[in-house]
Amino acid sequence: MSTPAPDSRVPEKPTIDGLEDRWAQVWADQGTYRFDRTKTREQIYSIDTPPPTVSGSLHVGHVFSYTHTDCIARYQRMRGLEVFYPMGWDDNGLPTERRVQNYFGVRCDPSLPYDASYEPPATPDEKRQVPISRRNFVELCERLTIEDEKVFEQLWRRLGLSVDWSQSYQTIDERARRASQRAFLRNLARGEAYQSEAPTLWDVTFRTAVAQAELEDRERQGTYYRLGFPAADGTRVHIDTTRPELLAACVALVAHPDDERYQPLFGTTVRTPLFDVEVPVVAHHLADPEKGTGIAMICTFGDTTDVTWWRELALPTRPIIGWDGRILPETPEWLVSETGRETYAAIAGATSFTAKERMVEALTAAGYVEGDPRPTVQQVKFYEKGDKPLEIVTTRQWYIRNGGRDADLRARLVERGAEISWHPPYMQARYTSWVEGLNGDWLVSRQRFFGVSVPVWYRLDEHALPVYDEPIVPREDELPVDPSSDVPTGYDASQRGVAGGFMGDPDVMDTWATSSLSPQIAGLWETDADLWERLWPFDLRPQAHEIIRTWLFSSVVRAHLEDDVLPWKHAAISGWILDPDRKKMGKSKGNALTPVDLLDEHGADALRYWAASGRPGTDTAFDVGQMKIGRRLAIKLLNASKFVLGFDADLPDDLAVVTDPLDRAMLASLATVVDEATAAYDDYNYARALELTESFFWSFCDDHVELVKDRAYGARGPEAADSAKAALALALSVQLRLFAPVLPFVTEEVWGWWREGSVHRAPWPSTHELAGATGDAAIVTDVAGVLSGIRKAKSEAKVSMRVAVASAVVSGGAAEIARVREAAGDLAAAGRVGELSFLEADGPLAVVVTLAPESG
RNA sequence: GGGCGUAUAGCUCAGUUGGUUAGAGCACCUCCCUUACAAGGAGGUGGCCGGGGGUUCGAGUCCCUCUGCGCCCACCA
């Protein structure tokens, strides 16, 4: 495989500037990363790439985690696997909805018909948004996000992601909607999707139901009020509450069954203050004797515990909060007393905040508040994207079974988690604790306008009321459908909304109901069976740990229900980027340091170097210092390569030309690096592989190259020179390939100087290619140690490294001395030692240097 | 409250089944304009490896415990 001697392709002054645009273009033109779908499943490595949210902006955290995946992809490709590495764009969901509204000055109204010739206003008026149909809204979304996606794609190319850009999708595009609806209909047909009218966590700002996975607890200032409930015997039962505004919704008081203080009250009733409604005192084990007074009021519904009590104790439902978060305007029928109805009238229509103030005032005035209000800090549930506390309201929703209400399924899904190869392994604990803690099925319907529609209609009875029990479903070949504009088979458009006609389900599906199918979407499930069989199940799901409970889990649920398999074998979980002060990097700071700025300043390889230095799963500090080191490494790689290739060195046809013990020692050491780096990559540990490679490279430059320079120039004859040159070329070839996954640009540049094709399609190095030329690795270590001693002597004498030394005496054990002798010629030349002698002695290897008397 | 992770030089981090005097880069100090590289190179200063206890011939590494930090989970009125 001898190639012509290296030549003018090596530039005079190598530079990393401009490498990115140049090679990104070459890779695009030559289809370097194009997926070859003729390969079979065993020959393929398929990646379920996370679709970034295009309505947001890319920040340095994206660069971090996508680089990790790309390193793995490049490694697997060099191992000879055909890598399926697609890119999806997440343009589904609330963020896009808001962005489209503001950008075009429109809002979605699903009741409107589609207008094929619609054009948005030239100058958007944010205050007076124009209502348009859902289909028009989706079209505007696609129009807007196409621009966002171009920006993203360009950045990804510049960062060097080896994505096959012909394999891309959007989570709102037709193919994603079809997959999403198809999967839902399959769930429905198998009884895994069902409707239920039940108390639901509700965001009053967005006016939509929210799933358990979208919750987050936030600290809030609250106030305890102690209220006295009159009992039949004239005494009062005191409860502590932070939500006195819900008093009208009170259905019972509850205490722990073992609580002796309240045992006499169980089975009796008390009356609510002001509203004067008779409520029972009940017992339940969830009541905490330590909390407050040990007895609590149950309202429908103040929190999720209320829901549990309500359900398990079969209590009545007395809702007073509406979808808008305000107290319902009509006075409820269970309030019969004059005072009760008057009190209610005072809060009807008020926000819960105002209602609370008024209730406290009224209760205090009437003497029902005991003692002083006490401030407290409480954990309150919020929708993760919302800024008002969630309420609980009763609504009809769609659910998909995920084990939340079925112990067997839950256990099965926990097992599924154990079948995944987690990188790092401890991330499995997050999955397990989430699944084991589920307390309800997956709520998939959302009362939003933009998204993938729930693909069903309902027959309307003679009173024009929907018959929810018998949804009308489309055929799979009709998908995707929008029930708000499409008409089910057997009906015509005029029957929409009239008695005996039909209505479309108004809801859309949760964004995870689509994202959970990302492999199915990317792999053209049920669309291209040939491709699907070559990809499924996928090999790798890379993602962040914060969405294990959402994206990862919902994907596992979907694949389990549909195909009874895991969607992928491996899950590689990346950490977060932290500010230098170790807080999760905030939006403000993230925006100040955009990936484009960082690319401009440091270069893609440098940015990738920083990213790849972060161990898998570990939160990593944003560190400009690491980027500078990466940049320096890239430049060093260019210069060292130029120097090595300047010897007219080329890969040897026969490794027997590598005769020098030092050369063979260096290659032996490199063989160890190859083995260990390969093992690290097989374990998804790109950081370890990089560290090993880098560490070898620096000693290769500092010691080996310096030692063999003279010999390579021919100072000790052609045979000795050939050995040095062949070993240098071989070592360079191996090191370029070891670095290629992390530093794709600079390695490709150097590869282009002397090899054919792309380094990224070159075979991953193996010890096999070094096997014929390896020796005793300890020689390198020992000789480098002596050279370092000689340098130290010069450094301490404050003279230049080129200054000659008269003599140097190397002392040490017999074995060490023997090893150093093997490279005596190179050592004397590199150290400019006049007379090099050896002395066997006890103790560690050492060198005594005598500088030339007239030196200086 | 339960769980996971983490704690090593001033800073950011390695340290792979326990094995000689604990490593790298940055920063700092000294020196060198050396023919691959001065946006470089050579050398150096700097560490009770969070505290305590244990196992072992031997512990940064294994076990127990405590503490700090980060995160995940949980039915707290």
Side-chain angles (χ1 to χ4, degrees), chain A residues 10 12-14 16 217 222 224 239-243 246 253-254 284-288 290-299 302-309 312 376 378-379 424-439 545-546 548-549 575-576 578 580 582-584 610 613-615 617-626 628-633 635-647 676 679-680 683 685 687-688 691-692 694-695 698 701-702 705-706 709 713 787-803 832 844:
Chain A
V10 182
E12 270 303 304
K13 269 264 173 198
I16 63 168
D217 285 348
Y224 277 127
I239 61 104
D240 279 352
T241 182
T242 56
R243 303 203 60 185
L246 292 178
L253 300 190
V254 65
H284 194 277
H285 66 276
L286 287 183
D288 182 356
E290 305 292 315
K291 272 282 179 210
T293 59
I295 186 165
M297 73 169 176
I298 304 174
C299 304
D303 61 30
T304 51
T305 318
D306 281 343
V307 178
T308 306
W309 282 327
E312 295 187 5
T376 179
Q378 46 183 178
Q379 299 290 323
Y426 59 76
M427 287 295 177
Q428 188 196 334
R430 301 200 178 199
Y431 174 94
T432 305
S433 70
W434 173 255
V435 179
E436 287 178 343
L438 287 171
N439 55 30
H545 53 60
E546 74 212 78
I548 288 174
R549 67 180 186 172
W576 275 332
L578 306 175
R582 307 221 50 88
K583 295 275 166 51
K584 187 186 174 186
W610 160 73
S613 303
R615 279 177 305 157
T618 306
D619 293 344
T620 302
F622 176 80
D623 187 357
V624 172
Q626 281 296 107
K628 290 182 173 159
I629 296 165
R631 185 179 174 88
R632 201 181 58 152
L633 173 63
I635 293 170
K636 186 83 174 179
L637 209 42
L638 286 179
N639 284 315
S641 301
K642 179 195 161 197
F643 184 61
V644 166
L645 295 176
F647 288 114
E676 292 180 352
D683 194 32
N685 195 340
R688 175 90 186 126
E691 188 196 346
L692 288 161
E694 186 189 8
S695 166
W698 283 107
C701 291
D702 295 346
V705 170
E706 291 298 329
K709 243 181 202 175
Y713 278 126
L787 179 60
S788 178
I790 296 170
R791 286 168 174 161
K792 182 174 177 177
K794 293 183 185 178
S795 196
E796 282 172 353
K798 304 195 175 187
V799 296
S800 163
M801 289 299 139
R802 69 197 305 195
V803 166
R832 295 170 191 269

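Naming: A, B, ... by sequence-line order, numbering from 1 per chain.
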When you look at A/Glu694 and A/Ile629, which way does the side chain to side chain contact (heavy atoms under 4.5 Å, CB included) test go after all the steps?
-> CA-CA 11 Å; A/Glu694 186 189 8; A/Ile629 296 165; 4.1 Å; yes
Under the salt bridge (charged side-chain N to carboxylate O under 4.0 Å, His left out) rule, collect the residues that match up with A/Asp303, sequence neighbours excluded.
-> none
Using the C1' atom as the reference point in each nucleotide, state the distance between B/rU61 and B/rG25 in Å, no decimals.
-> 23 Å
Nearest-Å distance once atom P is located in both B/rA9 and B/rC48 | 8 Å
A/Arg430, nearest nucleotide to its side chain (from B/rA77, B/rC72, B/rA42) = B/rC72
Could you tell me whether A/Thr432 contacts a base, only the sugar-phosphate backbone, or nothing, with contacts defined as non-hydrogen atoms closer than 4.0 Å?
-> nothing
Counting just side-chain N and O atoms, does A/Asn439 come under 4.0 Å of either OP1 or OP2 of B/rA74?
-> no
Base, sugar-phosphate, or nothing: which does A/Ala287 touch, judged by heavy atoms less than 4.0 Å apart?
-> base
Side chain to side chain contact (heavy atoms under 4.5 Å, CB included) between A/Arg832 and A/Arg802, worked out = CA-CA 7 Å; A/Arg832 295 170 191 269; A/Arg802 69 197 305 195; 3.9 Å; yes
State, with a plain yes or no, whether a side-chain heavy atom of A/Asp619 is found less than 4.5 Å away from one of A/His545.
-> yes
Nearest-neighbour nucleotide for the A/Asp619 side chain, B/rG70, B/rC73, B/rA36 considered = B/rG70
A/Trp698 and A/Leu633, any side-chain heavy atoms less than 4.5 Å apart = yes
Note: A/His284 and A/Glu312 closest approach over all heavy atoms is NE2-OE1, 2.8 Å
Distance between the P atoms of B/rC62 and B/rG19, in whole angstroms?
-> 10 Å
Touch check for A/Thr308, heavy atoms < 4.0 angstrom, all strands: base, sugar-phosphate only, or nothing?
-> nothing
At their closest point, which heavy atom of A/Ile239 faces which heavy atom of A/Ile295, and how far apart are they?
-> CG2-O, 3.4 Å
Checking only heavy atoms, does the side chain of A/Lys636 share a donor-acceptor pair with the base of B/rC37 at less than 3.5 Å?
-> yes
d(A/Lys636 NZ, A/Ser641 OG) to nearest 0.5 Å is 11.0 Å
Residue set satisfying side chain to side chain contact (heavy atoms under 4.5 Å, CB included) with A/Ile635, at least two apart, ordered chain then number -> A/Ile16, A/Arg631, A/Asn639
Mark up nucleotides 27-33 of chain B, 5' to 3', with B wherever a protein heavy atom is under 4.0 angstrom from a base atom, S wherever such an atom reaches only the sugar-phosphate, and - elsewhere.
-> ---SSS-
Gap in Å between the two P atoms, one belonging to B/rC31 and one to B/rC13, rounded | 33 Å
Regarding the side chain of A/Glu706, the nearest nucleotide among B/rC75, B/rC37, B/rA77 is B/rC37
Of B/rU12, B/rA36, B/rC73, the nucleotide closest to the side chain of A/Ser433 is B/rC73
Hey, which sits more toward the 5' end of RNA chain B by its nearest nucleotide, A/Trp698 or A/Ala429?
-> A/Ala429
Would you indicate what A/Cys299 reaches in the nucleic acid, counting non-hydrogen atoms under 4.0 angstrom: base, sugar-phosphate, or nothing?
-> nothing
How many Å lie between CH2 on A/Trp576 and P on B/rG70, as a whole number?
-> 12 Å
Whole angstrom value for the distance that separates P of B/rA77 from NE2 of A/His284 | 17 Å
Decide yes or no for A/Met801 and A/Ser795: does some side-chain heavy atom of the first lie under 4.5 Å from some side-chain heavy atom of the second?
-> yes
Could you work out the separation of B/rG2 and B/rU8 based on their C1' atoms and round it to a whole Å?
-> 29 Å
Please examine the side chains of A/Trp434 and A/Ile548, heavy atoms only from C-beta on, and report whether any two atoms are closer than 4.5 Å.
-> no
Mind calculating the distance between CH2 (A/Trp610) and P (B/rC13) to the nearest angstrom?
-> 11 Å
Could you state the NZ-P distance from A/Lys628 to B/rC26, rounded to the nearest angstrom?
-> 11 Å
Would you indicate, yes or no, if B/rA39 has its OP1 or OP2 atom less than 4.0 angstrom from a side-chain nitrogen or oxygen of A/Arg631?
-> no
For A/Leu246 and A/Cys299, the nearest pair of non-hydrogen atoms, with its separation, is O-SG, 3.4 Å
Figure out the CG/C1' separation between A/Asp306 and B/rC76, and round it to whole Å.
-> 12 Å
Would you tell me if any nitrogen or oxygen in the side chain of A/Tyr713 comes within less than 4.0 Å of OP1 or OP2 on B/rA36?
-> yes
Could you check how far CD of A/Glu694 sits from C1' of B/rG15, rounded to whole Å?
-> 15 Å
For A/Lys792 and B/rG44, is the shortest distance between a side-chain N/O and OP1 or OP2 below 4.0 Å?
-> yes
How far does the C1' atom of B/rU34 sit from the matching atom of B/rG70, given to the nearest Å?
-> 48 Å
What does A/Asp702 touch in the nucleic acid at a heavy-atom separation under 4.0 angstrom: a base, only the sugar-phosphate, or nothing?
-> sugar-phosphate
Going from CG on A/Leu637 to NZ on A/Lys642, what distance comes out if it is rounded to the nearest 0.5 angstrom?
-> 14.5 Å
Under a 4.5 Å cut-off applied to non-hydrogen side-chain atoms, are A/Val803 and A/Ser800 in contact?
-> yes
Dot-bracket encoding of pairs in RNA chain B, which uses [ ] for pseudoknotted crossings and | for another strand, Watson-Crick or G-U under 3.5 angstrom = (((((((..((((.....[...)))).(((((.......))))).....(((((..]....))))))))))))....
Which residue, A/Tyr426 or A/Trp434, contacts RNA chain B at a nucleotide closer to its 5' end, judged by nearest heavy atom?
-> A/Tyr426
Gap between atoms CD1 and P, on A/Ile298 and B/rC76 respectively (whole Å) = 14 Å
Nucleotide nearest A/Ser788 (side chain, heavy atoms from C-beta), chosen from B/rC76, B/rC73, B/rG43 = B/rG43
Distance check: side-chain N/O of A/Lys709 vs OP1/OP2 of B/rU34, anything under 4.0 Å?
-> no
Distance between P atoms of B/rG47 and B/rC32 (Å, rounded) = 28 Å
Within this structure, what is the CG-to-C1' distance between A/Leu787 and B/rG43, rounded to whole angstrom?
-> 12 Å
Can you list the residues that meet the side chain to side chain contact (heavy atoms under 4.5 Å, CB included) rule with A/Glu436, with sequence neighbours excluded?
-> A/Val414, A/Thr432
Quick one: which protein N/O atoms are closer than 3.5 Å to N/O atoms of nucleotides 16-25 of chain B? Pair and distance per line, please.
from, atom 1, to, atom 2, distance (Å)
B/rU16, O2, A/Arg688, NH2, 3.2
B/rU16, N3, A/Arg688, NH2, 2.4
B/rU16, O4, A/Arg688, NH2, 3.4

Between B/rU30 and B/rG46, how far apart are the P atoms? Round to whole Å, please.
-> 16 Å
Within the structure shown, what part of the strands sits under 4.0 Å from A/Gly294 by heavy-atom distance: base, sugar-phosphate, or nothing?
-> base
